[in-house]
Q: 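Sharing a structure here in structure tokens format.
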Amino acid sequence: MLTTKIPYYEPTGKEVEIFQMAAENTLPLLLKGPTGSGKSRFLEFMAHQMGRKLITILCNDETSAVDLVGRFIVKGADTVWMDGPLTTGVKEGAIVYLDEIAEARPDTLVTIHSLTDHRRTLFIERKNEELVAHPNFLLVASYNPGYQKGFKELKPSTKQRFLGLDFPYPKASVEEKIIIGETGISESISKKLVQYANLVRHKPELGLAETISTRLLVSCAKLIAKGLPSRMAGRTAIILPLTDDDDTVTALQDSFDLIF
């Protein structure tokens, strides 16, 4: 959907230019990076910049082709067809965003294959109808390559249908600017949060399934900006969401307390 407020986004490389080129050439795009690294915010920013409608589909292991394409529903005494979000995007020329595409069932992903090559068509099996995508239609997906490695991997036949854009966590100076831009927190607090994040990110021995994301740092900064003591904010917004292991919580809290 279009919003009047410009989503805050701090470019980290050439991702804005690459996205524009992909859109101009109607090339599907895969945003690759860890949780909370700014993939969804980047897409909101680009949709706003380009004046395009954004339709987000949150993928999970129950996401079916019907959920994407549409279904017949009973309405009063009639049976009518209701378009799914993908069909709506194809017709209207929207940006359709498959968030965490690897979570979707493999048989569901087959539905998008004809939209990601020269055909740019969507076949609606239940209506025996083939739709040609609107010239402005763009398919974008996000993918976390490191999440549950071996269990939630995309098949090469799917990955190779997309251009790839890498979204690692930003370098310290950029991440500090993002935190300040999102929350209005002081530069000194922002620097400490990024220092803590990079300390934890370089400690694989902690055994965290996911490390500290920029999103968690922003959440922590928002709590501090509202007056919550920094150590309590760190525990609430960063440490406890990361792990349930008591020893790891203690180790993370000790490190946070040393910096703050």
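All residue numbers refer to positions in the sequence shown, counting from 1.
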Q: Do T121 side-chain atoms and L131 backbone N/O form a donor-acceptor pair below 3.5 Å?
A: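 It does not hold such a pair.
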Q: Within the 3.5 Å criterion, strictly below it, is a donor on S142 or E100 matched to an acceptor on the partner's side chain?
A: no
Q: Would you say the side-chain atoms of T236 pair up with the backbone N or O of A233, donor to acceptor, closer than 3.5 Å?
A: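 No; judged by distance alone, with no hydrogens or angles, the pair does not exist.
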Q: Using a strict 4.0 Å threshold on nitrogen-to-oxygen distance, state whether R41 and E182 make a salt bridge.
A: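 The answer is yes: the pair qualifies as a salt bridge.
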Q: Salt bridge check, D166 against K32: does any charged N sit closer than 4.0 Å to a carboxylate O?
A: no
Q: Closest heavy-atom contact between F167 and L31?
A: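 For F167 and L31, the tightest heavy-atom pair comes out as CE1-CD2, 3.9 Å.
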Q: Taking all non-hydrogen atoms of both residues into account, name the closest pair between K159 and Y143 and its distance.
A: CD-CE2, 4.1 Å
Q: Strictly distance-based, threshold 3.5 Å: is any side-chain N or O of R161 a donor or acceptor partner for the main-chain N or O of H113?
A: yes
Q: Which pair of non-hydrogen atoms, one from V194 and one from E176, has the smallest distance, and what is that distance?
A: CG2-CG, 3.6 Å
Q: Whether the side chain of T248 engages the backbone of D244 through a donor-acceptor N/O pair (distance < 3.5 Å, no angle test) should be reported.
A: no
Q: For a quick test of reading the model, state the closest non-hydrogen atom pair linking L86 to F137 and the distance between them.
A: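 Taking every non-hydrogen atom into account, CD1-CZ, 4.2 Å.
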Q: Keeping the roles fixed (side chain from H202, backbone from N198), state whether a donor-acceptor pair exists under 3.5 Å.
A: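 Yes; at least one donor-acceptor contact below 3.5 Å.
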Q: Quick check: closest heavy atoms across L223 and A237, and the distance to 0.1 Å?
A: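 L223 and A237 have their closest heavy atoms at CD1-CB, 3.9 Å.
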Q: Side chains of N144 and E210 only: does a donor on one sit below 3.5 Å from an acceptor on the other?
A: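 Yes.
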Q: Can you tell me if Y8 and E44 form a side-chain donor-acceptor pair at under 3.5 Å?
A: no
Q: For F42 together with F19, are the ring centres under 6.0 Å from each other?
A: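 Centroid distance F19-F42: below 6.0 Å, so yes.
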Q: To the closest 0.5 Å, what do you measure between CG (L242) and OG (S213)?
A: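 It is 7.5 Å, given to the nearest 0.5 Å.
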Q: Tell me whether R201 forms a cation-pi arrangement with Y169, defined as NZ or CZ under 6.0 Å from the six-membered ring centre and within 45 degrees of its axis.
A: yes
Q: Decide, yes or no, whether a salt bridge links K91 with D83 under the criterion of side-chain N to carboxylate O below 4.0 Å.
A: yes
Q: Closer than 3.5 angstrom, by distance alone: can the side chain of D117 be matched with the main-chain N or O of R119 as a donor-acceptor pair?
A: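 Pair found, side chain donor or acceptor close to backbone of R119.
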Q: If I compare all heavy atoms of L217 with all of A197, which pair ends up nearest, and what's the gap?
A: CD1-CB, 3.7 Å
Q: Do the side chain of K39 and the main chain of G33 share a donor and acceptor less than 3.5 angstrom apart?
A: yes
Q: Looking at I179, is its backbone amide N or carbonyl O close enough to the side chain of T183 to form a donor-acceptor pair, meaning the two atoms are under 3.5 Å apart?
A: yes
Q: I'd like to know if the side chain of T12 reaches the main chain of P170, judged simply by a donor and an acceptor atom lying under 3.5 Å from each other, with no hydrogens or angles considered.
A: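 Absent.
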Q: Please confirm whether the backbone N or O of S64 pairs with a side-chain atom of R105, one donor and one acceptor, at under 3.5 Å?
A: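 No: the side chain of R105 does not pair with the backbone of S64.
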